[in-house]
*Asks:* 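The structure follows.
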Amino acid sequence: MPEVLEVEAARAVLSGYALDREITRVHAPDGWFLKRGTTAAALRHALIGNQFTQARRIGKQIVLDTSDPGVRVGVHLGMSGRVLVDGEEAGDPLLHASNRRVTKWHRFGVYFADGGSFMLRDPRRLGAVELDPDESRLGPDVLSLTPGQLDRALGSRSAPVKAVLMDQARIAGLGNLLTDEALWRASIDPARIAATIDADERRRLHRAIRTTVRVLGRRGGSHTGDMPRDVDMACPRDGGALQRRRIAGRTTYSCSVHQI
DNA sequence: GATGACCTGTGA
DNA sequence: TCACAGGTCATC
């Protein structure tokens, strides 16, 4: 499950139920799913006999610390990943991904000495697991984004504001749906060049991002926004036509009237 | 920075 | 059969 809200829900489940339990077995049947040189053997060596001690998150990247100070595990959910602990899954079902319980979609996981388990289920295999992930390549987390951080992220870049907001090295956590919703709430056209967003609009955008993650987080996920992702619907704010474009490589919805 | 690639499932 | 999907990466 992709955007920061779903990843945070997964992190919370790991934090609540997967810590301080001795790991006895590692399930890593898919070598392709392991990234940056990580192997199943290395994971077994690093994890068996240890415990997860903390479940952290930077943007969409989950980092599991372990009882071995030198061992961290990076977990990414990709487009369709979900976390299951003791067979239970967190958060709302994914809209555009299968939520069937299919064991062969378990791309990674561990079994605990008490008989329970943590599994990462990912039908599309676009998620990833790696040892000792590089956390420095991610920008400030969107859930605690300050006005100054947003201002520095936008800078004087000549890219569309949507592309900048989704660049994980600049701000970590915003994905396609949250970005569209925040820009809709801020009345800013996603195609606007970042450098042209003035100070007033930056303040508005910062507020909109904060409101978007708070409200949609409370509602239960990235797809609970107020802007319909449907060109046959009218903008709920002003009745204007919603348009669908491709910006920053992603399907983008916006209101043709009030997003300028 | 836009594009295609990665991979697999779903629904029209 | 096709288009589409909440992400990321390499490559012009």
Side-chain angles (χ1 to χ4, degrees), chain A residues 1-11 29-37 57-62 74-83 89-108 120-130 133-135 137-139 142 153-184 190-196 212-213 216-217 219-225 227-232 244-253:
Chain A
M1 22 184 151
E3 299 188 51
V4 69
L5 302 176
E6 290 76 20
V7 178
E8 170 56 23
R11 185 210 63 78
D30 186 354
W32 187 86
F33 201 76
L34 311 177
K35 299 293 153 67
R36 296 166 139 260
R57 181 192 57 72
I58 308 163
K60 305 170 196 169
Q61 177 73 55
I62 292 174
V75 174
H76 202 289
L77 303 179
M79 290 278 270
S80 61
R82 302 203 70 187
V83 160
E89 47 199 293
D92 60 318
L94 291 176
L95 232 50
H96 297 289
S98 175
N99 294 285
R100 288 155 51 211
R101 310 176 87 92
V102 176
T103 308
K104 72 170 182 191
W105 293 339
H106 292 180
R107 311 297 180 187
F108 171 77
L120 171 53
R121 182 181 66 210
D122 182 5
R124 282 180 70 182
R125 289 174 77 210
L126 289 173
V129 168
E130 62 181 307
D134 176 12
E135 303 178 27
R137 60 205 179 100
L138 293 168
V142 67
L154 294 175
S156 52
R157 307 226 329 159
S158 58
V161 59
K162 170 159 179 172
V164 177
L165 294 177
M166 294 203 357
D167 181 347
Q168 301 300 297
R170 305 210 153 246
I171 298 170
L174 287 178
N176 199 31
L177 301 190
L178 291 178
T179 302
D180 279 5
E181 176 79 10
L183 288 165
W184 178 80
R192 279 273 300 281
I193 300 306
T196 72
T212 297
V213 295
L216 275 58
R219 291 177 186 169
S222 307
H223 58 84
T224 62
M227 183 192 63
R229 303 182 70 76
D230 184 345
V231 287
D232 291 329
R244 172 188 159 120
R245 287 171 290 176
R246 196 154 203 86
I247 299 173
R250 310 302 301 277
T251 302
T252 302
Y253 290 88

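What you see is a predicted model; the values in this text were computed from it and never measured. A note on names: the letters A, B, ... follow the listed sequences, proteins ahead of strands, and every chain is numbered from 1.
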*Asks:* Grab the NE2-P distance between A/H223 and C/dA5 for me, whole Å please.
*Replies:*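 From A/H223 NE2 to C/dA5 P: 15 Å.
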*Asks:* Under 3.5 Å, is there any donor-acceptor pair linking the side chain of A/R124 to the base of C/dA5?
*Replies:*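 A donor-acceptor contact between them is present.
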*Asks:* On a whole-Å scale, what distance lies between the P atoms belonging to C/dC9 and B/dG9?
*Replies:*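 Those two atoms are separated by 23 Å.
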*Asks:* Of the nucleotides C/dA5, C/dG7, B/dG9, which has the atom closest to the A/K104 side chain?
*Replies:*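 Side chain of A/K104 sits closest to B/dG9.
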*Asks:* Say you draw a straight line from CG of A/D122 to OG of A/S80; how long is it, rounded to the nearest 0.5 Å?
*Replies:*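 Between atom CG of A/D122 and atom OG of A/S80 there are 3.5 Å.
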*Asks:* Let's see if you can work this out: which of B/dA2, B/dG9, C/dG7 has an atom nearest to the side-chain heavy atoms of A/P160?
*Replies:*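 Taking heavy atoms from C-beta onward, the closest nucleotide is B/dA2.
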*Asks:* Would you indicate which nucleotide in C/dC9, B/dC7, C/dT8 comes nearest to any side-chain atom of A/L126?
*Replies:*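 The closest nucleotide is B/dC7.
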*Asks:* Will you find, in the side chains of A/R246 and A/T251, an N or O donor that is under 3.5 Å from an N or O acceptor?
*Replies:*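 A pair is found: one side chain offers a donor N or O, the other an acceptor, under 3.5 Å apart.
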*Asks:* Heavy atoms only, 4.0 Å cut-off, all strands: where does A/R36 land among base, sugar-phosphate and nothing?
*Replies:*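 Counting heavy atoms under 4.0 Å across all strands, no contact is made by A/R36.
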*Asks:* Would you please test A/L177 and A/R229 for side-chain contact (heavy atoms from CB on, under 4.5 Å) and show each step?
*Replies:* CA-CA 9 Å; A/L177 301 190; A/R229 303 182 70 76; 3.0 Å; yes
*Asks:* Using a 4.0 Å heavy-atom cut-off across all strands, classify A/R246 as base, sugar-phosphate, or nothing.
*Replies:*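 Touches nothing.
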*Asks:* When you compare B/dC7 with C/dT11, how far apart are their P atoms, in angstrom units rounded to a whole number?
*Replies:*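 It works out to 15 Å between them.
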*Asks:* In the structure shown, which nucleotide is the Watson-Crick or G-U wobble counterpart of B/dC7, with both distances under 3.5 Å?
*Replies:*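 The answer is none; no pair meets the criterion.
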*Asks:* What nucleic acid atoms does A/A159 come within less than 4.0 Å of, heavy atoms only: base, sugar-phosphate, or nothing?
*Replies:*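 Sugar-phosphate: the residue A/A159, judged by heavy atoms under 4.0 Å, touches backbone atoms but no base.
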*Asks:* In this structure, how many angstroms lie between the P atom of B/dG1 and the CD1 atom of A/I193, rounded?
*Replies:*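 That distance rounds to 8 Å.
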*Asks:* Which one, B/dG9, C/dT8, B/dG1, comes nearest to the side chain of A/H76?
*Replies:*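 Among the listed nucleotides, the one closest to the side chain of A/H76 is C/dT8.
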*Asks:* Which part of the nucleic acid, if any, lies within reach of A/R244 when heavy atoms closer than 4.0 Å are counted: base, sugar-phosphate only, or nothing?
*Replies:*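 Here A/R244 touches the backbone only, sparing every base.
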*Asks:* Of the options B/dC7, B/dA2, C/dT8, whose atoms approach the side-chain atoms of A/R250 most closely?
*Replies:*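 My answer, after comparing the listed nucleotides, is C/dT8.
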*Asks:* If I take atom CE from residue A/M166 and atom CD from residue A/E3, how far apart are they, to the nearest 0.5 angstrom?
*Replies:*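 Taking CE in A/M166 and CD in A/E3, the distance rounds to 8.0 Å.
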*Asks:* Working to the nearest 0.5 Å, report the span between OH of A/Y253 and CG of A/N176.
*Replies:*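 With rounding to 0.5 Å, OH (A/Y253) is 9.5 Å from CG (A/N176).
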*Asks:* Checking contacts here: which listed nucleotide (B/dG9, C/dT8, B/dG1) is nearest the side-chain heavy atoms of A/K60?
*Replies:*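 For A/K60, the side-chain atoms sit closest to C/dT8.
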